[in-house]
> 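This is the structure I want to talk about, given as structure tokens.
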Amino acid sequence: MPIPTENVGSLPRPAKLQAAIADYDAGRITHEELKAVQDEACRDSIQRMEATGSPINSDGEQRASSFATYPLAETLAGTGLADNLAGDGQYFAIFTDGHHRQLPRLTGGPFRYKTYAADYLREAIKMADKPLKQAVIAPSMLYLLYPLDGEIEGYTREQFMEDLVDECEKDIRLCFAAGAKRVSIDFTEGRLACRNDPNNPWTGRKMLEQFIELNNRVLDRFTPEERVNIGIHTCPGGDCDSTHSADVDYAELLPSMFKMNAGYFLIQLASETDKERVYKLLGEHSREDANGVPQVCFIGVINPQNPRVETPEEVRDDLLLASKYIPVERLGSTDDCGFSPFSIDVKPKHGSPDFARDVAFQKIESRVKGTQMASEELGVV
Ligand SMILES: [Zn+2]
């Protein structure tokens with residue numbers, strides 16, 4: 001079997017869509033008018049991703065407010081916020097360029113998603129000729145909706161966690177029921193949990209192990225056959241061409257991360273300074289048997305923050321080097337992150353979101369070609 005390759009999820013939203021979202025927030029257009037622009041962006045995303053030769057694709061998350069807030073609000077500005085939430089929650093991340101992103105705050109129970117990822121997937125599948133994957137958010141990110149200290153009156157932390165685990169399980173099951181070939185869980189908060197940033201209190205609370213346990217509560221509800229197709233994505237963040245935790249040593253994260261009983265991992269790596277060291281860590285810590293599934297390591301070979309397009313040869317060489325440390329039957333390739341995890345992102349290093357979309361498809365094509373070249377060289381076609 002050739003080396004598998006898969007994107008994380010998002011693509012930059014076209015300038016036209018970002019303008020339509022602003023119009024919708026301001027009440028200048030209806031939801032139906034917004035949906036027409038989203039439909040057009042989804043169709044364009046799927047068709048162009050399929051044209052790269054990629055065996056599995058996504059709608060580029062064109063309908064989602066962000067990878068983390070899609071279950072909670074229609075737009076990043078908070079239009080259509082779900083019940084029992086207020087807009088003023090914790091910063092989940094402060095990025096190196098100084099900007100931050102904030103989560104809503106839970107004000108009471110029960111906690112319920114307003115939108116499931118499958119709601120987008122059902123629309124996308126009608127537009128696709130090839131298989132689709134779907135990304136969902138990790139319970140560990142949504143855990144941050146609950147206040148860091150104390151308890152919400154009438155809704156204990158444990159009650160919230162039970163509701164959260166139920167909702168995350170349902171989010172994944174609905175994706176498979178809608179026809180997803182694979183489902184990956186975004187876990188950007190994993191690396192950030194090791195950061196200890198005094199400006200962002202939760203990052204100093206040593207929450208990584210708690211996150212891992214919580215995510216395993218969801219994963220353990222799936223059979224090994226199901227978990228083969230359930231992945232985890234790790235990265236140092238990606239928003240406005242900036243990261244939030246690239247300075248955290250992978251050695252602090254990886255031994256814990258691979259305790260999650262997922263069948264595959266989408267791992268940022270192209271933008272690491274010492275890739276070979278990380279390949280070695282992946283070989284050491286990923287497991288041949290994670291409660292019945294082998295853990296496949298999809299290494300990042302494309303950097304979505306940088307407009308320079310990697311060549312297929314560079315992709316091939318990364319995979320060949322990684323194969324010295326990771327068994328080839330447990331090796332795959334991916335992009336370091338989604339190309340634009342938040343809906344409002346002008347992609348400053350690229351100059352415009354529309355140009356960044358063009359670049360993204362070129363990068364995906366390089367990943368697909370380079371991965372094929374590596375498969376040929378390693379004799380696994
Ligand atoms: Zn990411």
Side-chain angles (χ1 to χ4, degrees), residues 5-13 45 49 56 58-62 64-71 76 91-97 99-101 103 117 133-142 144 182-195 200 203 208 211 215 230-248 250 253-254 257 260 262 264-272 275 278 282 297-306 310 332-345 347 349-350 353 356 359-360 363-364 367:
T5 189
E6 174 176 330
N7 65 314
V8 172
S10 65
L11 288 166
R13 279 58 159 186
S45 297
M49 220 186 291
I56 185 164
S58 75
D59 70 354
E61 299 176 6
Q62 303 293 292
S65 52
S66 78
F67 71 105
T69 55
Y70 71 84
L76 271 182
Y91 290 159
F92 80 78
I94 301 172
F95 292 80
T96 48
D97 65 356
H99 87 282
H100 65 260
R101 294 290 190 177
L103 285 168
K133 69 159 291 184
Q134 181 65 47
V136 298
I137 191 58
S140 49
M141 170 67 85
L142 298 182
L144 297 171
R182 286 202 287 267
V183 177
S184 61
I185 302 171
D186 285 325
F187 182 55
T188 187
E189 65 283 9
R191 193 154 170 186
L192 189 54
C194 307
R195 180 123 199 275
N200 196 6
T203 66
L208 180 60
F211 284 177
N215 294 346
I230 301 178
I232 298 276
H233 164 56
T234 180
C235 69
D239 184 35
C240 303
D241 294 334
S242 181
T243 57
H244 56 53
S245 54
D247 53 348
V248 171
Y250 255 135
L253 172 69
L254 297 178
M257 187 183 80
M260 285 187 282
Y264 73 100
F265 291 79
L266 302 172
I267 304 159
Q268 165 268 351
L269 244 157
S271 57
E272 284 295 302
K275 298 182 205 179
V278 183
L282 298 180
C297 299
F298 286 62
I299 61 163
V301 292
I302 296 294
N303 179 3
Q305 321 291 337
N306 186 334
E310 294 81 355
S333 71
T334 185
D335 310 314
D336 275 8
C337 191
F339 285 88
S340 218
F342 293 86
S343 53
I344 303 301
D345 179 352
K347 296 292 283 179
K349 285 186 193 160
H350 291 70
V359 169
K363 283 176 174 260
I364 293 169
R367 168 165 56 75

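Both counts, for ligands and for their atoms, begin at 1 and track the order of listing.
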> Are K363 and D335 ion-paired here, with the side-chain N under 4.0 Å from a carboxylate O?
no
> Tell me the closest heavy-atom pair linking G237 and Q305, and the distance in Å.
O-NE2, 3.9 Å
> So which pairs with a foot in residues 230-239 pass salt bridge (charged side-chain N to carboxylate O under 4.0 Å, His left out), sequence neighbours left out?
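Every pair satisfying salt bridge (charged side-chain N to carboxylate O under 4.0 Å, His left out) with a residue in residues 230-239: R101-D239.
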> What protein N/O/S atoms are found closer than 2.8 Å to the Zn ion (ligand 1)?
H233 NE2, C235 SG, C337 SG
> Report yes if the side chains of I302 and F339 come closer than 4.5 Å at any heavy-atom pair, otherwise no.
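Yes, close enough: below the 4.5 Å cut-off.
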> Is R191 salt-bridged to E272, going by a charged N under 4.0 Å from an acidic O?
yes
> Without hydrogens or angle criteria, can the side chains of Q268 and S271 be said to hold a donor-acceptor pair below 3.5 Å?
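Their side chains do contain a donor-acceptor pair, which is all the 3.5 Å distance test asks for.
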